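Remarks on the structure that follows.
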Amino acid sequence: MNKYRSHHCNELRKSDVGSKVFLSGWINKKRDHGNLLFIDLRDNYGITQCIIDKENPNFLKIEKIQLETVVKFNGKVINRTEDTINKEIDTGEIEVEIENFETLGVCNELPMPVFTDQEYSEEIRLKYRFLDLRRKKIHENIILRSNVISFIRNEMNKLGFLEFQTPILTSSSPEGARDFLVPSRLNPGKFYALPQAPQQFKQLIMVSGFDKYFQIAPCFRDEDARADRSPGEFYQLDLEMSFVEQEDVFDVVEKLLINTFKKFSRKKLMYEKFPKISYANALLNYGTDKPDLRNPLIINDITEIFKREDVSFEIFKKLVKSGSKVRCIVTKNTKDKPRSFFDNIDKWAKDQGASGLAYFTIEKEKDIYAKGPIGKFFTKDSLEEIMKITQAKIGDSIFLACNTKIELEKITAMARDKIAKDLNLVDENTFAFCWIIDYPMFEKDELTNKIKFSHNPFSMPQGDIDQINFEKPLEILAYQYDIVCNGVELSSGAIRNHIPELMYKLFSIAGYEKKQVNEKFAGMINALSYGAPPHGGIAPGIDRIVMLLANEKNIREVTMFPMNQNAQDLMMNAPSEVNENQLKELNLSLKKTKK
RNA sequence: GGGGGUGUAGCUCAGUUGGUUAGAGCGAUCGCCUGUCACGCGAUAGGUCGAGGGUUCGAGUCCCUUCACUCCCGCCA
């Protein structure tokens, strides 16, 4: 038995009544009745109520102890009377009668209270993160994170994956996000980069013959923060497998995620087998490549309707003639919704910078007709055609917008969320996973008009290699895939291109000469020339998985020591200035900045 | 880099149309209280109203500039 505690603070029960114990923990709360004092003593495991009265010579001293002081109490476990039992806590049937005490860690006046349900500014929470982390909700989130990670690690081991560490100091790569750079003392003027992901290393592990690899890998990207994106660093379950096709990766990850989500959440899973949606269809039907499938609304293209003779909605017809498209969202059985419902959505769309959302409702008296401001422009036949394309029924309403493809995707995606919210269509108690597949290998940079890799330059293009038409690079699809859950992008992965000649070819389309590829991806391109197995993998984001499981909207709620939006650690004062000597050793000098 | 929101006591917030000495709860300090579990009661201390400038007889409140935090866009192979 150690000198600090015989039991932790969530251990004593009725059966312990009468025994002498000693507990250590934080003073969570005092209730001082003047001649009788209740103290809630808290540790990682729970709370035990301790009690002392003025008969005890220590009473006055204990009465003065500040909240959050760390103390050790010696005492006797006593029974609580029936009417004083606290059912809220596990130790609520007993209490500890304090005999004497020892202060183990003093506490100054607190900059923020620990025991309250109040929200505080992030600034104060991050500066005093060690106090913030004592609070129940976030304390439990961090424990959840630990449990999720060890569960995943265990599952991966069971599946025969080997866990390896890869370098943190590596080389900068030209593709992707901005790198964090680390100057090299021994190589003046040269820099390491922190890895954006262990991408090349995990492929090299496959070339080295290890067959199945995983790692809970830190990834570093110098990009601006969002609620679901930490600045600087985050963690991925990085995994890679040899001799696999896309479906083999899907099998492993799908089972792993289903097991994990079933174990750590009570929410329902909408699909036990993740639906697969092509990138092109995702953009068409949801307006985004990270659709929230809890939302049942679907976007349809009805451009063709506006080429018909019997449709007289001239504004749209004119735009369609000049290349615009028309897409629509059907809402089920909304014919009796008040006018304000429709107008609010139209007004909302205008607030988003769109030209609004036109709408009509399909009704039937003798014949089918459209009711609403633009209803008169549609004939019975054209409405029947719309109903065929969109699966709309009588009593349903149709919201439509006309614009270029990209603008339409943007506004319809937002409208889909907005309308579902207004109609309360999203079941918050559900997880809806899906795969997004068939990503294009290349895309056109809107600014420069140049062809660039749309995702991972190491992905394998689809189809027979001899048959690929490199003249039309934008039509080449890749074995590249994402997992999306509730509209959150959880991971992306690919079957890799392990054929050097094909790699050079694809890089040349994106504007890289063979020499550049050899320089920038030296380790990997070289390795692929010495017997590389076909391989592929994926990397689900750990932080976002825990965020979903903890039902949090902000990634800092599941991160122990996060940085703020400006990538500063307010507790550790990072980043900070360094002294002249350090700079000199690194062969660096600082430009004078205006201040 | 751009747009929105917020900034008043240690913490969370209120503060009307610009008008007397800027308030409350929690926390702190002091006093009373033997069954509370958000204990109760009374008192005291605690303020550069984020900062700077302007309008005005008068600014927490209106205007301009600026800073911090946050959400979003850009960015995130």
Side-chain angles (χ1 to χ4, degrees), chain A residues 28-42 47-56 59 63-64 66-68 78 80-89 91-92 95 97 107-128 131-132 173-179 196-197 199-200 219-232 234 351-353 410 414 439 441-443 445-447 452-459 478 480 482 489 492-494 506-507 510 512 520-521 539 541 553-554 556 564-566 568 570 595:
Chain A
N28 192 58
K29 190 75 190 164
K30 286 188 293 184
R31 288 174 296 279
D32 189 351
H33 290 231
N35 295 315
L36 175 72
L37 172 66
F38 297 96
I39 292 180
D40 291 337
L41 193 69
R42 183 195 73 236
I47 282 176
T48 301
Q49 175 166 280
C50 302
I51 182 170
I52 186 167
D53 69 19
K54 67 170 177 197
E55 304 300 318
N56 188 305
F59 182 81
E63 205 183 17
K64 297 283 176 229
Q66 297 272 0
L67 296 183
E68 295 303 314
I78 58 175
R80 292 209 207 181
T81 60
E82 199 60 39
D83 57 322
T84 60
I85 286 173
N86 183 354
K87 290 193 177 115
E88 303 290 312
I89 55 174
T91 59
E95 59 200 6
E97 192 175 42
C107 180
N108 296 335
E109 188 178 341
L110 293 165
M112 56 178 275
V114 171
F115 176 68
T116 82
D117 291 328
Q118 265 178 10
E119 300 284 342
Y120 319 110
S121 72
E122 294 241 21
E123 201 174 354
I124 197 114
R125 291 182 61 194
L126 294 183
K127 183 165 180 192
Y128 298 97
L131 290 178
D132 190 39
S173 79
E175 287 287 321
R178 206 176 288 115
D179 281 319
Q196 295 182 25
Q199 182 62 37
Q200 293 188 62
C219 303
F220 306 90
R221 296 177 192 176
D222 187 3
E223 298 296 338
D224 287 353
R226 288 288 183 279
D228 64 350
R229 201 168 82 199
S230 291
F234 61 97
D351 288 344
Q352 304 307 306
K410 232 183 248 172
M414 286 195 291
Y439 276 82
M441 190 82 215
F442 299 102
E443 64 187 15
D445 190 315
E446 277 184 51
L447 289 175
K452 60 174 195 180
F453 288 108
S454 72
H455 281 76
N456 187 322
F458 307 123
S459 300
Q480 160 95 39
D482 273 19
E489 185 189 320
S492 65
L506 295 169
F507 267 102
Y512 293 88
K520 289 295 181 184
F521 305 101
K553 294 227 163 12
N554 192 305
R556 294 185 294 276
N564 71 7
Q565 195 168 43
N566 293 322
Q568 299 159 338
L570 300 175
K595 225 181 176 178

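Lettering of chains follows the sequences in order, A, B, ..., and the numbering in each one begins at 1. Since the model is a prediction, treat every value here as computed from it, not as a measurement.
Neither OP1 nor OP2 of B:rU70 sits under 4.0 Å from any side-chain N or O of A:Arg226. Note on A:Asn566: a side-chain N or O is less than 4.0 Å away from OP1 or OP2 of B:rC69. Between A:Thr116 and B:rC11 there is no side-chain polar atom (N or O) within less than 4.0 angstrom of OP1 or OP2. Between A:Gln118 and the phosphate of B:rC26, there is no side-chain N or O to OP1/OP2 separation shorter than 4.0 Å. Proximity of A:Arg229 to the phosphate of B:rC72: no side-chain N or O atom is located under 4.0 Å from OP1 or OP2.
In this structure, B:rG25 forms a base pair with B:rC11, meeting either the Watson-Crick or the G-U wobble geometry with both donor-acceptor distances under 3.5 Å. The partner of B:rC69 is B:rG5, judged by Watson-Crick or G-U wobble contacts that both fall below 3.5 Å. Pair check for B:rG40 finds B:rC32; Watson-Crick or G-U wobble, both atom distances under 3.5 Å. If you check B:rU61 for Watson-Crick or wobble pairing at under 3.5 angstrom, you find it has no partner at all. B:rC76: no Watson-Crick or G-U partner with both key distances under 3.5 Å is found in any strand.
Heavy atoms of A:Arg556 sit under 4.0 angstrom from primed sugar atoms or phosphate atoms, though from no base atom. In this structure, A:Ser459 reaches neither bases nor backbone, as no heavy-atom distance under 4.0 Å exists between it and the strands shown. Within 4.0 Å of A:Glu123, counting heavy atoms only, lie sugar-phosphate atoms of the nucleic acid but no base atom. Across all strands, A:Pro457 comes closer than 4.0 Å to base atoms (heavy-atom distances).
Between the P atom of B:rC11 and the CG atom of A:Asp117 lies a distance of 19 Å, rounded to the nearest Å. Counting to the nearest Å, the C1' atom of B:rG25 and the CD atom of A:Glu119 are 17 Å from each other. Whole-Å rounding puts the A:Leu570 CG to B:rC69 P distance at 7 Å. Distance A:Arg125 CZ to B:rU12 C1': 14 Å, rounded to the nearest Å.
Comparing the P positions of B:rC30 and B:rC67 gives an interatomic distance of 44 Å, to the nearest angstrom. With P as the reference atom, B:rU20 and B:rU61 are 14 Å apart, rounded to whole Å. Nucleotides B:rU17 and B:rC13 place their P atoms 22 Å apart, quoted to the nearest Å. Between B:rU44 and B:rC26, the two P atoms lie 15 Å apart (nearest whole Å). Atom name C1', nucleotides B:rA68 and B:rC57: the rounded distance is 34 Å, in whole Å.
Side chains of A:Tyr439 and A:Asp482: a donor on one and an acceptor on the other come within 3.5 Å. Judged purely by distance below 3.5 Å, without hydrogens or angles, the side chains of A:Asp179 and A:Gln196 pair a donor atom with an acceptor atom.
In terms of the side chain to side chain contact (heavy atoms under 4.5 Å, CB included) criterion, residue partners of A:Ala227 (sequence neighbours excluded) are, by chain and number, A:Asn554.
Set against B:rC71, B:rG74, B:rC11, the side chain of A:Asn554 has B:rC71 as its closest nucleotide. Of the candidates B:rG74, B:rC72, B:rU12, the closest approach to any side-chain atom of A:Asp224 belongs to B:rG74.
Aromatic pair A:Phe521/A:Phe458: ring centres closer than 6.0 Å.
Side-chain contact between A:Asn564 and A:Leu570: present, with at least one pair of heavy atoms (C-beta onward) separated by less than 4.5 Å. Residues A:Phe442 and A:Ser454 are not in side-chain contact: their nearest non-hydrogen atoms beyond the backbone lie 4.5 Å or more apart.
Residues A:Lys127 and A:Glu122 are not paired through a salt bridge, judged by the lack of any N-O separation under 4.0 Å between the basic side chain and the carboxylate.
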task: Treat primed atoms plus P, OP1 and OP2 as sugar-phosphate and everything else as base, then score nucleotides 29-41 of chain B 5' to 3': B for base contact with protein heavy atoms under 4.0 Å, S for sugar-phosphate contact only, - for none.
output: S---BBBBBSB--
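Judged by closest nucleotide on RNA chain B, A:Leu110 is the one of A:Leu126 and A:Leu110 placed further toward the 5' end.
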